[in-house]
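See structure below.
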Amino acid sequence: MNVIELMIPMALLLGAGFVGAFIWAAKRGQFDDLETPAHRMLADEPNERKPQ
Amino acid sequence: MAQSVAGCLQCGLSLDSQQKEFCCDACSLLYKVLNEQKEFQIANPQIQPFSFLDQDEFKDLYCLDVEQKTMRFFAKGMHCTSCVHLVEKLPEFDEGITESIANFPNSTVTVKINGLGRFSRVAALLKEIGYEPIPIEKSADSTNYLQQENRKLLIKIAVAGACAANIMLFVIPVYAGLTGTYLTVFLWLTMILFLPILFYSATPFYLGAWSALKSRSLSIDLPIVVAMLSGFSLSLYNLLIGSSEVYFDSLASFLFLILGTRFLLKRYQQKHLFIGSLGNLFAVEKVWALIENQWILRPSSQIKLGDIIKIKSGDKLPCDGTIATHEAYLDLSLFSGESLPRKLGAGQTVYAGSKVVGDEAILNVTAIGSQTRLGSMLSNIELMSVKKSRLVNFTDRASQVLLLVVFGIAGVFFIFHAQTSVVEAFNRSLALLIVACPCAMAFGTPLAFGVGVRRASEAGIYIKNANILEKLTQVKNLVLDKTGTITLGQLKLISSVPAKIPQETVDLLLALEWNSDHPIAHALRNEWGAKQPSLSLQNICEISGQGVKAVYNEREVAFVGETQAHAAEIVSSLFIDGKKILELHFADEIRPDTLMTVHQLKKMGYEIWLSSGDHALSVKKVAQQSGIDANKALASQSPEDKLQLVSRLNPAIMLGDGANDSLALGQSSVGIAVKGGMDLSLKASDVYFSKQGISSLLKLIKISHSTVKTVKRNLWIALVYNLIAGVASLMGYVDPLIAAVLMPISSAFIVVSSIQGENT
């Protein structure tokens with residue numbers, strides 16, 4: 001048995017897995033707004049800031 | 001760290017000249033909390049102006065969910081990181097708010113409340129932290145629909161991309177010279193991987209081609225579908241008979257590229273349109289109605305014929321009606337283009353969209369919705385835009401010709417060659433169809449237009465319909481509106497007699513006009529500052545339609561305007577004890593950039609017309625100041641006159657800001673709405689300038705020229721490529737290997753050419 005017979009289905013499954021992950025993410029709105037999260041992470045949380 | 005650069009201390013955005021340390025209140029508030037270890041302190045907000053949001057009628061209108069717990073607000077003024085941060089902190093300020101999610105590019109906040117929460121408090125809090133909250137009507141909110149559409153398309157692209165990439169992986173060994181059983185297995189694998197594209201990712205093309213066929217026209221989708229289906233069947237046939245001339249790899253990458261470029265163009269257009277229009281489109285639609293002898297706030301859409309409604313000063317009429325009070329002052333500029341408010345008596349008819357100035361007005365409702373004058377204009381405009389979207393432009397025609405030629409040649413070749421060998425003839429004609437790839441039209445053109453739309457939006461020009469980029473290079477007639485478009489649209493103090501005005505008089509005038517909403521009062525405040533003077537005046541009262549009078553230092557002062565309906569200027573005088581001591585002249589001045597723009601446009605060969613609803617004298621003066629020929633400056637134009645002018649000049653570009661321009665904007669080849677305009681002109685237009693004035697037009701023309709140049713260059717590349725490749729494939733020189741190498745190269749060439757554009 002040639003190793004390629006194992007490799008091909010595995011490669012395809014791996015690819016399908018990633019497509020599935022992308023579809024899941026898109027359906028949950030991960031790609032709806034690509035700008036706001038970038039702003040959100042920039043701001044500091046007042047409570048977490050150490051006293052100077 | 002020392003702050004040497006002039007930027008906001010909190011978010012780092014550059015500041016304009018009037019700002020000292022922070023770009024907005026949000027930044028200053030956050031900075032204090034972060035650096036001085038303070039708690040957030042929000043003063044008890046004024047709920048009263050928003051209490052209508054808690055009424056059931058308004059909840060029905062605005063709430064996004066069935067439980068009526070979610071509302072989306074347009075937060076006017078959101079512009080930096082701190083804004084996002086602060087707006088999303090709403091749940092910390094009020095235990096009734098459970099969730100607050102900002103959308104920065106759209107400037108919206110979606111707020112969810114629990115049983116304790118009230119929407120009036122949400123709105124009041126937003127107002128308190130510095131944003132003008134405008135609730136967005138459920139039905140007017142296209143965000144959800146667009147979101148669903150975008151998600152679907154994105155998934156289609158992802159599937160197409162993944163399949164195309166895997167197909168590529170499996171054809172590499174085939175091209176490298178694979179033989180035997182594995183060759184068959186790999187080719188079948190590419191076929192199977194192509195199926196999701198054929199049956200799922202390509203569905204938009206089937207729908208597009210079908211709907212075009214139904215309306216008896218050819219769209220770019222049709223050749224894509226034909227090329228794809230015929231390529232698929234040829235490849236499948238070859239696969240079944242054991243030949244290795246299989247084209248699934250080319251077809252897959254081709255479809256992936258088309259889908260991707262279409263998505264990009266769509267995203268650009270959606271994104272910029274949304275910001276450009278939202279603030280204007282979603283005004284709060286509420287009105288006081290007399291119900292059982294009580295004034296109750298109602299959504300405008302629930303007003304019925306015969307209702308009695310009350311409109312406050314500064315608000316717009318939601319419907320047509322007759323005046324029920326003794327008299328009322330209305331700003332009719334929407335229909336007439338006149339810059340001064342007019343006095344109307346009891347029983348006179350006023351139209352939806354006019355603005356009430358001075359005291360509140362009480363009306364009997366005579367027409368609502370589409371029955372109003374505004375409504376009928378709106379339905380006309382919608383008809384026009386449907387007609388407009390059916391027009392075919394040059395690039396579409398060029399692609400159609402190119403496609404017809406390719407199809408024709410393939411068909412003719414098949415008929416002649418079929419006499420020698422049917423199979424060989426079929427093979428070669430289909431090879432031609434696949435090789436003569438319509439990439440230039442299929443994704444080169446949308447990509448080039450997308451780049452044009454993006455460059456325009458960077459300059460503050462929002463394009464609703466990318467086709468106008470092409471029309472702009474052909475049309476040489478230009479019609480301009482006067483008030484608000486080439487002039488400032490507001491009165492400005494231009495001179496006084498005597499020329500020097502003592503400070504005491506300035507304070508006196510400001511105090512007199514302090515509570516007035518009249519254009520002259522605004523002009524005075526713009527000129528002298530909006531600080532309330534500390535003079536004490538007694539018995540301030542309006543002399544209706546003329547001015548105000550009061551008692552100051554036991555002397556009677558009066559500020560009275562002389563109504564000279566046919567003059568280019570407005571003159572107002574200050575009287576003390578009946579003696580005239582000061583005369584002020586006001587006029588609507590032209591914008592500083594108008595003269596230069598008109599001059600350059602003329603040099604470029606544009607015929608410029610001025611069409612205004614204002615009276616002859618001021619139109620003539622403005623035309624003279626801005627360098628427009630006197631015989632092309634038309635005064636006293638009704639919306640219908642403007643429409644006629646545009647259709648007489650056809651094709652013409654129209655620039656305007658008022659609803660009185662909207663019919664003409666809808667009719668024109670390219671309708672451009674200028675900032676400050678109202679929703680109707682926005683709906684009717686193809687382009688929106690977010691900067692005031694007409695100077696953006698020069699930039700837009702430049703962009704459209706470079707875009708069209710790119711598109712034409714793409715078509716030339718495609719033509720040359722198709723000729724060479726087409727002839728070669730008919731002669732039988734193109735085997736799958738060469739086709740597979742040539743296709744991506746030509747596609748890449750077109751993509752680079754489109755993105756690069758003209759570097760101007």
Side-chain angles (χ1 to χ4, degrees), chain A, chain B residues 10-12 26-27 30 32-40 78-89 92 101-108 143-144 146-148 150-163 165-166 169-170 173 181-182 185-186 189 192-193 196 267 271:
Chain A
M1 171 144 153
N2 203 322
V3 70
I4 205 159
E5 281 159 32
L6 189 68
M7 293 287 286
I8 291 173
M10 280 180 70
L12 286 176
L13 272 179
L14 198 63
F18 279 110
V19 172
F22 183 88
I23 293 175
W24 174 80
K27 283 203 167 148
R28 293 186 37 135
Q30 290 285 338
F31 306 102
D32 289 346
D33 179 3
L34 301 176
E35 252 179 81
T36 318
H39 288 278
R40 208 171 273 152
M41 59 159 286
L42 282 176
D44 296 322
E45 278 298 322
N47 330 349
E48 289 164 16
R49 203 179 161 97
K50 288 177 206 114
Q52 284 155 343
Chain B
Q10 175 64 24
C11 72
C27 279
L30 271 180
K32 275 190 198 127
V33 171
L34 287 170
N35 293 312
E36 294 163 24
Q37 293 294 308
K38 277 192 192 159
E39 287 291 305
F40 276 110
M78 208 200 292
H79 73 287
C80 69
T81 302
S82 310
C83 299
V84 173
H85 196 57
L86 199 60
V87 157
E88 297 200 331
K89 279 207 169 304
E92 287 181 25
I101 295 172
N103 184 311
F104 184 69
N106 293 354
S107 288
T108 59
T143 336
N144 279 340
L146 289 180
Q147 212 168 50
Q148 291 303 325
N150 282 340
R151 282 181 194 177
K152 271 189 209 155
L153 195 52
L154 200 58
I155 293 175
K156 286 196 164 100
I157 294 172
V159 169
C163 290
N166 277 296
L169 223 57
F170 286 115
T181 335
Y182 279 123
V185 171
F186 276 33
L189 273 174
I192 293 166
L193 280 169
R267 272 299 260 265
K271 185 175 151 191

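Below, chain A is the first sequence line, B the second, and so on; all start at residue 1.
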All heavy atoms of B:Ile155 vs all of A:Ala26, minimum pair found to be CG1-CB, 3.8 Å
Heaviest contributor of heavy-atom pairs below 4.5 Å to chain A, chosen from B:Val84, B:Leu169, B:Leu154, is B:Leu154
Applied to residues 17-32 of chain A, the side-chain hydrogen bond (donor to acceptor under 3.5 Å, both in side chains) test, sequence neighbours excluded, yields A:Asp32-B:Gln147, A:Asp32-B:Arg151
In short, B:Ala162 meets A:Val19 closest at the heavy-atom pair CB-CG2, 3.3 Å
Sorted by chain and residue number, the ring-ring contact (aromatic ring centres under 6.0 Å, His included) partners of A:Phe31 (sequence neighbours excluded) come out as A:Phe22
For residues 8-15 of chain A against chain B, heavy atoms under 4.5 Å, the residues are A:Ile8, A:Leu12
Hits for side-chain contact (heavy atoms from CB on, under 4.5 Å) against B:Cys163, two or more places apart or cross-chain, chain-then-number order -> B:Val159, B:Pro196, B:Ile197
The reported gap from OH in B:Tyr182 to CD1 in A:Ile4 (rounded to nearest 0.5 angstrom) is 6.0 Å
Cut-off 4.5 Å, heavy atoms of chain A, and the answer for B:Leu189 is side chain
